[in-house]
Structure formats: C-alpha cells, structure tokens
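Since we're looking at a predicted model, the values are computed, not measured. Below, chain A is the first sequence line, B the second, and so on; all start at residue 1.
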There are 2 protein chains.
Amino acid sequence: MAATIYEVAALAGVSPATVSRVLNGAAVSPGYAAKVREAATALNFRPNRTARTLRRQSSEIIALIIPDIENPFYTALARGVEDRALAAGYSVVLCNTDDQHDKEARYLDIAISEQMAGVVLAPASARTDIDALLARNTPVVTVDRSTHGHAVDAVLMDNTDGGRAATSALYDEGFLRVACITGPRDVETADQRADGWREVFTAHSPRVKAENYLRRANYRVDGGRAAMADLMRMRRPPDAVFVANNLMSVGALQHLLSIDMEPPAIGLASLGDLPFTTWQKKGVTVLPWPGRRLGLTAADLLLSRIGGDHGPARTIITRGSDEDDPTG
Amino acid sequence: MAATIYEVAALAGVSPATVSRVLNGAAVSPGYAAKVREAATALNFRPNRTARTLRRQSSEIIALIIPDIENPFYTALARGVEDRALAAGYSVVLCNTDDQHDKEARYLDIAISEQMAGVVLAPASARTDIDALLARNTPVVTVDRSTHGHAVDAVLMDNTDGGRAATSALYDEGFLRVACITGPRDVETADQRADGWREVFTAHSPRVKAENYLRRANYRVDGGRAAMADLMRMRRPPDAVFVANNLMSVGALQHLLSIDMEPPAIGLASLGDLPFTTWQKKGVTVLPWPGRRLGLTAADLLLSRIGGDHGPARTIITRGSDEDDPTG
DNA sequence: ACCGTTCCAGAAATCGATTTCAGGGTCAAG
DNA sequence: CTTGACCCTGAAATCGATTTCTGGAACGGT
C-alpha cells in the first residue's frame, strides 16, 4: 500500500541508497537524480518517518507539554513555540497533563521513546522528574515553572515581582486591605506570587496575620470564584484582592458581579489578561503576562540546544509584553 | 545510553525474544519472567517506540488536528477526545493548523509517516485532502466539519438548525431585523449557520435582501468586533444579530459595549458559550455548542474503527449539551 | 603508460523491537 | 517404549530508511 524506498529504487533502476541520497541532498549524478525524483513522484512516495527516526536516532518533532490546555495563557505560549519551531523546520505536538503527574510522566515517556528532537515543558510541579530525558541527552527547556534540582534551561517570569507590583498597585489606588488568591500548594509560581503579595501586605498591615487573607485555589475559574466567595464571607473582608492568574481572576470577578460588588467597589488586580473579556470598565488592574513571548523565547533556546549548543544551563527571566518580539 | 532489549536479555541471561514476550504478556515460564522483569527494572529499560512502531506498523498515538488552538471550543473538544483515548490506552497529540492548508497538510503527513493509530480531524476547509490517510487505512474521523467527497466518519452538529434556532429566538423576543455574522467563505459550518439564519430572516423580511445583513469574518474575536462595527455603520442597522460562533460573539459584544449599546438594547444570540465570560446580565441568548461532547463521540467512533470496525462510514449529528455524557 | 585521487553507485550493516519458524523438552496416551 | 501433541525458547527474518564500506570508473599529473 505504502510505497517504500525499495519500490522507488526499483522503478528508477537504482539502489535504495541512491534514492536516499537524492532525497537527502547528497551527491548524485543529475541523470539518476532526475530518474529518482520522477519515480518518487509517480509512486507518491513519502519516506517512513518511523524508519528514519529509528536509524537517525532523532525525529524532527518537538513536544510541548503543558498543564492546562484550556488556559489561554498556555495556548498563547503554544502559539509562540509553534511559530518558531515551524519556521525552523520542526513540527510541534502538544500534550496536556492536567497537572497530573501520571499523565505528565506518560507524555515524557513518549517524548523519550519516540526520540523527539526536544521538549518544552511546563512542569506539573517541582517534583516533575526529567532525569530520564536528560539521561538520553534530549534537549529540554522548562517554561513558566522550573523543576527542582535539575540543571536545565528555564524560561520564567518574575513571579515574586509580579505579585509585588500588582499588590502595590492596589494599595496605591487607596485600598487598605489587599487579600490574595493564589494557585495550589507545591506549584512554584503560586508560592512566589504569594510571596510578592505577602511582602507588600505585611508592610501595610504589620499587625495582621497575612495568611488569613491568603487563599489557595486550583488556578481555574471555579477555584477563583470559590476563593473570592470565601474571602467575602470573612468577618472582616478585604477591600481589594490580588488574583494570581488569569482564569481565577475571571472567577473572582464573576463572584463579585453576582453579589453586586463589582470593581472598583472592590479592587481587583490580575496577573495576566482576562481572556476574551467583555469587561470594559475601569477598576480592574491587569498586569501583562506574555505567554506567547515565553513560548518564543523557550523555542529559541530549545532550537539552539538542538543545534548543538552545549553551554551550561541558562535561566531566562522574561519581561515585557507579547507585543515586543524577542530577537531570535 | 539508552538500554535496549538486547542488554536486558544479556543481563537476564535469555534471548531478546523472551524479553519481548515477557513485556508483551506472551507465555513465558515464571522463572525467566521474573529474571527479565528484574533486569528491565535494573536497567530502567523503556522499549523504543520507534522500533516497535516500525515493526508493528502502527503506533498507539492518536493525532487530533484542529484549526485554532486558541478557541475554547476546540480545547474542550480536545479534552473530550483525550479523556476517551487515554482511558483506552492511547495517547493524544494535538496539532494546530491555524486554518492553513499547508500546516494541515504537514500534520496529516506526519500522522501517516509516524503511522499513528488514528486521526481526529477538524478540517481547515472542505478542500482538505485525506486520500493519503485513507489509502493507508489509517482510521479517520472528521469532527465539527466534514470533507468534501470522502466516505469517512463524521461527527457534526446541526449547524443549519443552530442558525435557525438562534435567529428565531431573537425574533421571538420581539426584535425586527436580525443580522448575521458568520465565518469565512468555504468553511462549511459558516455557510450552514448562515443558511439557517437566512431562512428565518427571509420569512420575517421577505422584501429585504438578506445578503445585506450578512457579514463574514474570521471566526475570531477581532473578526466579530469588526463585523459588528460594520453592521452598525449601515444606513439602517439591524436591531439584533445572530453571531455564528463563540469568539466572534465576544468581539461583537465588545464593540456593542464600546458604543454603549449593550444588550438588550441590541439583541445578540451566540452559537456557543461566551468563554470565560463576566457578562452576567440578560440580553444575550446562548445556544450550547458542546465541544467536549463532540470530542467524546468522535473518540468513541475512532476507537471502534481502530478496534477493527469496518462498517460503512457513519455521520453522527450530535445534539444536547456537554453535561450529558454519551454512552461510550 | 602508470599511479594516485576523486567521485559515484551498490551491497550490506545498522537502528531496536516483534514475530515467525524451527527445535528441544515434557508429558500423556497407546 | 514409542509417538504425537504441546509448550517454551532461541535464532533469524522483518519493518524501511540511512550510512558505512567497498570497488569500479574517470581523470589528472608526471
């Protein structure tokens, strides 16, 4: 059914080796080359990538492993990776882990045993184990989050500073007690963003125990909604809240609208754009959180590793927004 | 670096064939089996999938090819496919085509030459060519959209009826002139949804040329925004609009808010939920458009084909919402 | 005219797992 | 005791492309 290189060779009257050489640009006399190309076209020949990968010990596919495909931050990141990778001749396949270690392990295993050219990984948690990947010299770049104790390239945002800046912005607007909704325990970005918040909170309310005004949720809409509701039930509720990611901000805002307390009645600062928003009014502070840019940078780094860059592991802290393209 | 089956065999003191049998559940005496398992663990052996795929002529990966990874409808669909596929022991990789035929062709080519177990495809357009896939007997299920002239399984929504229902709902609310914003030319869902609208529109305004109140945009937020703006600039603007997908509805709503004409000042009916919405007021009619359900159904169908079901091609028109799970 | 390169093509090895095939052993029935 | 059936096991073929190795032809220099 599928034409093989042997059939092409037979039709062109040459050996399979010659066919391979023609298709890979090695030196072959023009007469044979033409014959081979003609035969390949006639048979609609497409080289079997499995065989090629087995022999070459490396495919031309990059795996992108992300925790939540339904979060527009990660899909923007995916687009960034994709744009760079396709331009460099690689294809990208996306794998969704749902923040579950077993699904993540499964996809990491696939990346290894399919001998993929490289992996861009947003780890489910710091416990993610990439030793197997490193042991086989597969280039890896972690993005958005890092893994614990691995000497591996990382492209990150300054989370602590993000938390600080967002919280400060609210105090600057005149709010007096800024709560925080952050992500799950043992997700490093969640802790760091909360750290930034805690620092500013404590400076403004030294007598109040910060943890009372800290909520942890699952980085998704429902989590933000529930956490916001929980905060508003406090005996002394906050008058503003720093929400540590885009989706939870949506949830928080949904809850505030439902109890008729829309910003700026209560202050709200979000790390990352509200996706697909129809919220036009003032009162929500948005700090850009450039997923696409992270993806572009990570892909550039990964491609340079695939290209043979064996320098020591680098950590890049990205700043700026999606609008400015990093030089690549 | 990577342990092979030969090394495991050597360590266990058996032949590679026996190692393979142990790992694949064929009959092997318990003593050897234990030795092999021990050796495999000691060497941290992971079978090379490339080699396995080459020999078996089929991998255990399902490709899901979608036109816009940033559209929550498709990510919900992806989750549906994923849930079913993972449960059945297959892994899913996601490929994003951006509605571009060249990117789509590239991924289709990969699906073939990586010998993937099956493909769930939301075609960029009816011109998408899947002959190569069919020629190699790779199971294919198209979803959301179909391809022209291929006898292939399809899981679709009733687009025409959706357009009809959404438009009727607006007239029932008392609006008098319902415009339509649909997707690009030569995308079948766009045409069908517009057909449904046209039917109802013409019944209500037999003297008006329907095409005057029809706009085509790119199925994304900016497209919806621009199309809405265009409609409002008409000498005689509509008093309501049927918007044919979720993202364009967001854009349309954004424009209406910006000119201070928020629903229900103007009627708006959307095919599909407004994603991540913070819009709480009435005045927007939403017809459920269950992406996840489509994905579940498509995966079920694909898995049955992979399992050897060679019956004639089926077309399934999905109804209902994401809440009810299809029996699978 | 002879020798040493250079160039190009084919034969064969290779990647690593699976699977067919063939043979050796065991066991039961005759 | 022999024969047949059955079960394991290992040797070897296989999947399809790439790449090394080998050798023949052509060509240039002396």
With a 4.0 Å heavy-atom cut-off, tell me which residues in residues 13-22 of chain B come close to DNA chain C, sorted by residue number.
B:Ala17, B:Ser20, B:Arg21
Is it the case that the side chain of B:Glu104 and the backbone of B:Ala124 share a donor-acceptor pair, with hydrogens and angles ignored and the cut-off at 3.5 Å?
yes
State whether B:Arg52 places a side-chain N or O below 4.0 Å from either non-bridging phosphate oxygen (OP1 or OP2) of C:dT18.
yes
Rounded to the Å, how far apart are A:Phe45 CZ and D:dG16 P?
10 Å
Taking atom CD of A:Gln57 as the centre, report whether more than 12 heavy atoms of other residues, nucleotides or ligands fall under 6.0 Å from it.
yes
Between atom OH in B:Tyr6 and atom P in C:dA17, what is the gap in whole Å?
7 Å
In whole Å, what is the span from the CG atom of B:Leu43 to the C1' atom of C:dA17?
16 Å
Does a sphere of radius 6.0 Å around NZ in A:Lys35 hold more than 12 heavy atoms from other residues, nucleotides or ligands, not counting ones at 6.0 Å or beyond?
no
Distance in angstrom units between B:Leu54 CG and C:dT14 P, rounded:
17 Å
Looking at DNA chain D, which of residues 24-36 of chain B put a heavy atom within less than 4.0 Å of it?
B:Ala27, B:Val28, B:Ser29, B:Tyr32
Would you say the side chain of A:Arg56 and the base of D:dT18 hold a donor-acceptor pair, judged only by whether the two atoms sit under 3.5 Å apart?
no
Starting from P on C:dG16, measure out to CZ on A:Arg55 and report it in whole angstrom.
10 Å
Quick check: does any side chain N or O of B:Ser113 sit under 3.5 Å from a backbone N or O of B:Asp109, one acting as donor and the other as acceptor?
yes
Between B:Glu188 (side chain) and B:Ser146 (backbone), is there a donor-acceptor pair under 3.5 Å?
yes
Using only atom types and a distance under 3.5 Å, with no angle test, would you say the side chain of A:Asn24 pairs donor to acceptor with the backbone of A:Ala26?
no
For the CD atom on B:Gln100, are there more than 12 heavy atoms of other groups (residues, nucleotides or ligands in this structure) within a distance under 6.0 Å?
yes
Distance, rounded to the nearest Å, where B:Gln115 contributes CD and C:dA17 contributes P
17 Å
Can you tell which of C:dA17, C:dC15, D:dC15 lies closest to the side chain of B:Gln57?
D:dC15
Quick one: are B:Thr128 and B:Leu121 in side-chain contact, heavy atoms under 4.5 Å?
yes
Report each atom pair, protein N/O against N/O of nucleotides 25-27 of chain C, whose distance is under 3.5 angstrom.
none

Salt-bridge criterion met for B:Asp68 and B:Arg220 (N-O under 4.0 Å):
no
Rounded to whole Å, the CD1-P distance (B:Ile112 to D:dA17) equals 14 Å
Send over the distance from A:Leu23 CG to D:dG16 P, rounded to a whole Å.
16 Å
Can B:Arg136 and B:Asp131 be said to form a salt bridge (charged side-chain N to carboxylate O under 4.0 Å, His left out), step by step?
CA-CA 9 Å; B:Arg136 310 209 180 192; B:Asp131 288 338; over 6 Å; no
Polar side-chain atom of A:Arg145 near backbone of A:Ala126 as donor-acceptor pair, under 3.5 Å:
no
